[in-house]
*Asks:* 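My questions all concern the structure below.
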Amino acid sequence: FEPKIRTASTGDKTSFAYETARKRWPIIITQAIDDVYRTTGQTDDAEKREEGKRIINDLATLKYEVQHDRALTPIPDDGVSDVATYNQILESLGKPTWLNVSWLFSECYLYRRISTSFALSTHWKNYDIFARQKIKTFRSSRPAVLELAARYKDLITQLRSHTGETSEEADKLLFTEMCEICLWGNATDLSLLTSLSYEDIQKLQGSEARKKSEANILVNDLEEVYKQLVEAKKAGKTARVVDIVLDNAGFELYVDLILAGYLLTAGLATRVTLHAKSIPWFVSDVLPGDFGALLNALAAPVPFFETATEEEELQGKTPEKLSDKEKEELSFLFQEWSVLHAEGKLGLRANRFWTGPGSFWRLVDPNADEQTKELAEDLRKSELVVFKGDLNYRKLVGDAEWDPTTPFTEAIGPLGPGSGINVLALRTCKADVVVGLPKGMDEELRAREGGGGDSGARKWAWNGKYAVVSFSKGA
Ligand code: F6P
Ligand code: MG
């Protein structure tokens with residue numbers, strides 16, 4: 001249940017993995033250490049402080065092992081069964097060292113191992129080391145959050161008041177725009193933030209940026225997806241579920257909810273299920289608690305957006321006040337989403353499967369555990385399963401070195417036609433692998449400025465500037 005061709009490795013100088021393992025992982029671990037150090041300093045509980053020191057020590061050891069290219073060691077048993085799977089795969093890889101190992105496996109292992117340190121404690125079991133960063137970045141997404149809140153309110157009000165015939169063309173356009181908003185929300189995840197400033201993020205998020213980016217969607221199957229949803233509606237199916245396998249918290253989750261709310265209001269789905277991770281994952285991925293945190297921020301936007309951060313205080317800056325109109329628009333969003341949630345039309349689930357090692361091909365492995373089998377069954381009943389983001393895409397295609405013209409339906413292996421699962425990937429490119437491109441496009445993109453030229457590296461695909469929207473019908 002993995003592709004038979006070679007997967008990206010941290011030892012490959014032309015891969016984004018090379019830089020990630022050497023530069024970005026040490027920064028991410030250092031930030032994690034700083035976070036635990038800070039929380040340890042804020043607690044009066046001596047036992048919790050002691051445990052905090054032990055966790056800091058674990059993290060420092062991990063950082064040392066990464067930087068000094070030591071072997072990956074078996075993950076200690078923390079009571080969750082996926083440890084066994086991780087350790088089996090680790091064994092099957094021989095004795096790999098950090099700087100020359102499958103990128104996909106080692107990066108998943110990194111976050112899984114970090115979570116064990118917390119799971120084995122008493123006072124830090126559910127601690128999210130990335131929560132501070134996630135909240136801070138969501139605050140700094142304020143301009144785009146406000147812009148979209150206004151647009152959403154307008155749109156939902158129009159959808160509700162519209163009674164006569166609508167043109168199919170206009171409906172399709174709206175659907176496309178909503179999906180593209182949701183797509184570009186993925187461009188600014190926190191594991192890449194080690195090299196992006198907050199100003200950069202804001203530039204990437206507004207509607208202007210989106211318009212300019214349309215040409216950067218290299219593959220776009222949204223027409224087919226729209227057809228799929230409309231046909232199910234016309235066929236009079238009463239229960240039509242759309243599943244969204246979430247990626248990042250904060251702004252990206254916000255745009256995911258915008259898409260979910262739109263699909264429900266437009267009648268393109270009768271229920272939307274969001275799938276979150278169960279452990280802190282790739283820095284910014286959504287944990288169930290992030291969903292509540294987002295709704296709380298919308299419910300009480302004044303303390304959230306108007307309270308100065310420590311940094312702002314030091315710089316003598318005070319955040320601008322929200323206008324009455326802005327407060328009203330945020331409160332509209334809160335009302336809409338909490339009602340959908342309360343009515344059971346919008347749900348959130350976590351499953352350990354999403355934080356397993358290796359590819360998503362294992363979802364349909366007949367030897368998978370019961371929990372995974374149930375998940376696969378649920379997804380088969382869905383009209384559409386949307387996979388958000390780069391890592392989910394890498395897991396769909398097994399992070400293998402596919403020729404970029406390989407059809408998406410082939411690169412997702414057993415998840416392709418015949419699997420019963422309708423797969424849609426909304427992905428901004430932040431890694432090497434890419435499939436489904438027309439012949440010659442990869443070469444053309446490499447030849448552009450910063451695209452990698454003849455270095456052998458597919459640099460154009462590393463920074464979220466380009467995107468692919470790929471669909472595979474499961475029937
Ligand atoms: O650490 C780098 C990286 O692993 C990417 O290349 C990766 O796939 C990404 O982080 C996470 O991106 P996303 O949040 O879109 O899945
Ligand atoms: Mg992510």
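Just so you know, ligand 1 is whichever comes first in the structure, and atom 1 is the first atom listed for that ligand. Since we're looking at a predicted model, the values are computed, not measured.
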*Asks:* Does any N, O or S atom of Asp247, backbone or side chain, fall under 2.8 Å from the Mg ion (ligand 2)?
*Replies:* yes

*Asks:* Looking at Phe130, is Arg132 sitting on its ring face, NZ or CZ under 6.0 Å from the six-membered ring centre and within 45 degrees of the normal?
*Replies:* no

*Asks:* Within less than 2.8 Å of the Mg ion (ligand 2), any N, O or S from Asp390?
*Replies:* no

*Asks:* Identify, by name, the N, O or S atom of Asp285 lying closest to the Mg ion (ligand 2).
*Replies:* OD1

*Asks:* Return yes or no for this condition: an N or O of Glu107 is under 3.5 Å from an N or O of ligand 1.
*Replies:* yes

*Asks:* Can you sort out which atoms of ligand 1 are near Phe282, meaning under 4.0 Å from one of its heavy atoms?
*Replies:* 4 (O)

*Asks:* Between Glu177 and Lys172, does any NZ, NE, NH1 or NH2 come within less than 4.0 Å of an OD or OE carboxylate oxygen?
*Replies:* no

*Asks:* Using distance alone, determine whether Leu391 and ligand 1 share an N or O pair under 3.5 Å.
*Replies:* yes

*Asks:* Is it true that Trp98 and Tyr109 have ring centroids separated by less than 6.0 Å?
*Replies:* yes

*Asks:* Looking only at heavy atoms, which two atoms of Tyr111 and Ile28 are closest? And how far apart?
*Replies:* OH-CD1, 3.7 Å

*Asks:* So if I count the atoms of ligand 1 from 1 in the order they appear, which ones are less than 4.0 Å from some heavy atom of Arg24?
*Replies:* 1 (O), 2 (C), 3 (C)

*Asks:* Which ligand 1 atoms are under 4.0 Å away from a heavy-atom of Asn186?
*Replies:* 15 (O)

*Asks:* Within less than 2.8 Å of the Mg ion (ligand 2), any N, O or S from Asn186?
*Replies:* no

*Asks:* Would Trp25 count as a polar contact of ligand 1, with the cut-off being nitrogen or oxygen pairs under 3.5 Å?
*Replies:* no

*Asks:* Check for me whether Arg394 meets the cation-pi criterion with Trp103, that is, NZ or CZ under 6.0 Å from the six-membered ring centre and within 45 degrees of the ring axis.
*Replies:* yes

*Asks:* Distance check, rounded to the nearest 0.5 Å: Leu218 atom CG versus Arg427 atom CZ?
*Replies:* 9.5 Å

*Asks:* Parallel, tilted or perpendicular for Phe118 and Tyr127, by the 30°/60° rule?
*Replies:* parallel

*Asks:* For ligand 1, is there an N or O atom under 3.5 Å from any N or O atom of Lys430?
*Replies:* yes

*Asks:* Under 4.0 Å, heavy atoms only, figure out whether ligand 1 is touched by the backbone of Trp281, its side chain, both or neither.
*Replies:* neither

*Asks:* Is the Phe305 ring parallel, tilted or perpendicular to the Phe138 ring (thresholds 30°, 60°)?
*Replies:* tilted

*Asks:* Should the proximity of Asp247 to ligand 1, defined as any heavy atom under 4.0 Å, be assigned to the side chain, the backbone, both, or neither?
*Replies:* side chain

*Asks:* In chain order, what residues pass the salt bridge (charged side-chain N to carboxylate O under 4.0 Å, His left out) check against Asp290, with sequence neighbours excluded?
*Replies:* Lys134

*Asks:* Is it the side chain (CB and beyond), the backbone, both or neither of Arg427 that lies under 4.0 Å from ligand 1, heavy atoms counted?
*Replies:* neither

*Asks:* Got a sec, which residues hit salt bridge (charged side-chain N to carboxylate O under 4.0 Å, His left out) with Glu65, two or more places apart in sequence or on another chain?
*Replies:* Arg113

*Asks:* What part of Thr20, side chain, backbone, both or neither, has a heavy atom within less than 4.0 angstrom of ligand 1?
*Replies:* side chain

*Asks:* Can you name the atoms of ligand 1, numbered from 1 with element, that are less than 4.0 Å from a heavy atom of Asn248?
*Replies:* 14 (O)

